[in-house]
Amino acid sequence: MSEVSSVPGTGMIIDGKALASELEAETKERVGELVALGRRPGLATIIVGENPASAMYVRIKHSACDRVGIRSENVNLHEDAGIEEIIETIRGLNEREDVNGILLQLPLPGNRDSAPAMAAIDPAKDVDGFHPVNMGSLLAGAERLVPCTPKGIVWALERLGVSLEGRETVIVGHSNVVGKPLAAMMLNRNATVSVCHVFTRNLAAHTRNAEVLVVAAGVPGLIKRDMVKPGAYVFDVGINRVEGKTVGDVEFDEVLKVAAAVTPVPGGVGPLTVSMLMSQTATATEMQEQINNR
Ligand code: NAD
């Protein structure tokens with residue numbers, strides 16, 4: 001498998017960039033079909049304030065849009081913009097036919113509650129999958145637009161030929177962005193799912209059972225070699241800055257010695273997330289097209 005590179009005597013490194021390129025190529029074809037119908041997909045991002053990390057993530061998303069042929073634009077609101085102004089901006093984008101996907105880049109300044117803004121996004125344009133209607137559909141087993149990071153992981157497992165049915169899966173982290181929606185997606189595919197978090201007693205006792213282990217805690221070095229079942233597939237979602245370097249939550253070199261395969265940081269889950277956002281923007285446009293044609 002080209003997406004999994006072998007290092008002699010160890011587990012495999014899951015090449016998130018290669019997988020993301022495959023997904024991007026598929027999305028580019030779908031975008032081409034939409035363009036032929038006169039419906040070029042459009043993605044609008046909103047940044048509130050001047051957070052450099054948010055600006056960087058949005059730049060990466062816009063570059064991906066350029067590569068697959070999705071039109072993109074960004075609205076930058078002032079740091080002091082109130083929730084009403086954010087909601088007004090979202091409503092304006094909801095109305096526009098040339099905007100098929102809307103993404104509010106989080107976090108909001110001062111870690112303000114984003115829930116009212118998320119709920120204002122038209123569920124049909126909610127390419128991040130955080131709207132309560134889309135979250136509810138996911139939980140009910142009818143996946144529509146869903147959060148991109150967990151969807152990217154599930155897509156990668158499918159692409160690598162790792163079936164989730166009956167599989168012992170453990171997720172470390174129970175956020176609305178990663179852990180909770182991933183648990184629902186894995187249950188929808190008939191995995192046996194445990195979700196661990198900061199209040200979990202004896203984390204290692206859970207992680208050692210995992211045939212598929214996904215770690216999204218934001219704690220560098222949280223998962224050590226003796227916490228991983230031999231032959232496990234390990235997805236490291238964490239993004240942490242340590243001594244000027246970007247690292248994940250998994251002790252990569254050590255865990256690679258026991259696992260079947262591990263995603264690196266950077267170059268693992270991150271590119272998959274961006275690529276899945278492109279795919280979902282195409283999906284949103286296709287769904288809107290079907291509604292308009294009814
Ligand atoms: P969050 O802070 O909302 O949630 C963290 C979760 O980890 C919580 O459930 C918490 O209980 C749990 N946790 C914290 N410390 C723990 C510990 N010691 N033991 C067990 N559980 C612990 O974070 P989030 O938004 O889900 O993001 C998690 C990490 O993933 C961050 O590093 C974030 O930057 C990264 N992330 C990466 C991507 C990507 O595309 N690669 C996307 C989203 C988030």
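Just so it is clear, the structure is predicted and the values come from calculations on it, not from any experiment. Counting starts at 1 for both ligands and their atoms, in listed order.
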Gly270 heavy atom under 4.0 Å from ligand 1: yes
May I ask you to identify, for Val237, whether its side chain, its backbone, both or neither come under 4.0 Å of ligand 1 on a heavy-atom basis? both
What protein heavy atom sits nearest atom 7 (O) of ligand 1, and how far away is it? Ala217 CA, 3.3 Å
Please state which protein non-hydrogen atom is closest to atom 23 (O) of ligand 1 and give its distance, to 0.1 Å? Ser175 CB, 4.3 Å
Whether over 12 other heavy atoms sit under 6.0 Å from Phe252 CZ: yes
Can you pull out the closest protein heavy atom to atom 42 (C) of ligand 1? Residue, atom name and distance to 0.1 Å, please. Thr149 OG1, 3.3 Å
Test: Arg67 and Glu24 ion pair at under 4.0 Å: yes
In the protein, which heavy atom is nearest to atom 33 (C) of ligand 1, and how far is it? Ile239 N, 4.2 Å
For the pair Asp236 and Thr263, evaluate side-chain hydrogen bond (donor to acceptor under 3.5 Å, both in side chains) and give the outcome as yes or no after the intermediate values. CA-CA 6 Å; Asp236 188 352; Thr263 59; 5.8 Å; no
Does this structure show an ion pair linking Glu143 with Arg189, if we count only N-O contacts that are shorter than 4.0 Å? yes
Does this structure show an ion pair linking Glu73 with Arg71, if we count only N-O contacts that are shorter than 4.0 Å? yes
Which ligand 1 atoms are under 4.0 Å away from a heavy-atom of Val219? 15 (N)
Passes side-chain hydrogen bond (donor to acceptor under 3.5 Å, both in side chains), Ser194 versus His206? Steps please. CA-CA 8 Å; Ser194 301; His206 293 274; 4.8 Å; no
Do any nitrogen or oxygen atoms of His174 lie less than 3.5 angstrom from nitrogen or oxygen atoms of ligand 1? yes
Under-4.0 Å salt bridge between Lys224 and Glu254: no
Which heavy atom of Ala217 sits nearest a heavy atom of Asp249, and at what distance? N-OD2, 2.8 Å
For atom 29 (C) of ligand 1, what's the nearest protein heavy-atom neighbour? Residue, atom name and distance, please. Gly218 N, 3.6 Å
Do the side chains of Glu286 and Arg30 get close enough for a salt bridge, i.e. N-O under 4.0 angstrom? yes
Identify, for atom 27 (O) of ligand 1, the protein heavy atom at the shortest distance, and state residue, atom and that distance. Ala216 O, 4.5 Å
Residue-ligand contact Gly238/ligand 1, heavy atom below 4.0 Å: yes
Return the closest protein heavy atom for atom 11 (O) of ligand 1 as residue, atom name and distance. Val198 N, 2.9 Å
The closest protein heavy-atom partner of atom 18 (N) of ligand 1 is Leu222 CD1, 3.7 Å
With a 4.0 Å cut-off on N to O distance, would you call Arg208 and Glu168 a salt bridge? no
Give the atom numbers and elements of ligand 1 that come within less than 4.0 Å of a heavy atom of Thr273. 39 (C), 40 (O)
Show which atoms of ligand 1 fall inside a sub-4.0 Å distance from at least one heavy-atom site of Val178. 26 (O), 43 (C)
Does atom 2 (O) of ligand 1 have a protein heavy-atom neighbour under 4.0 Å away? no
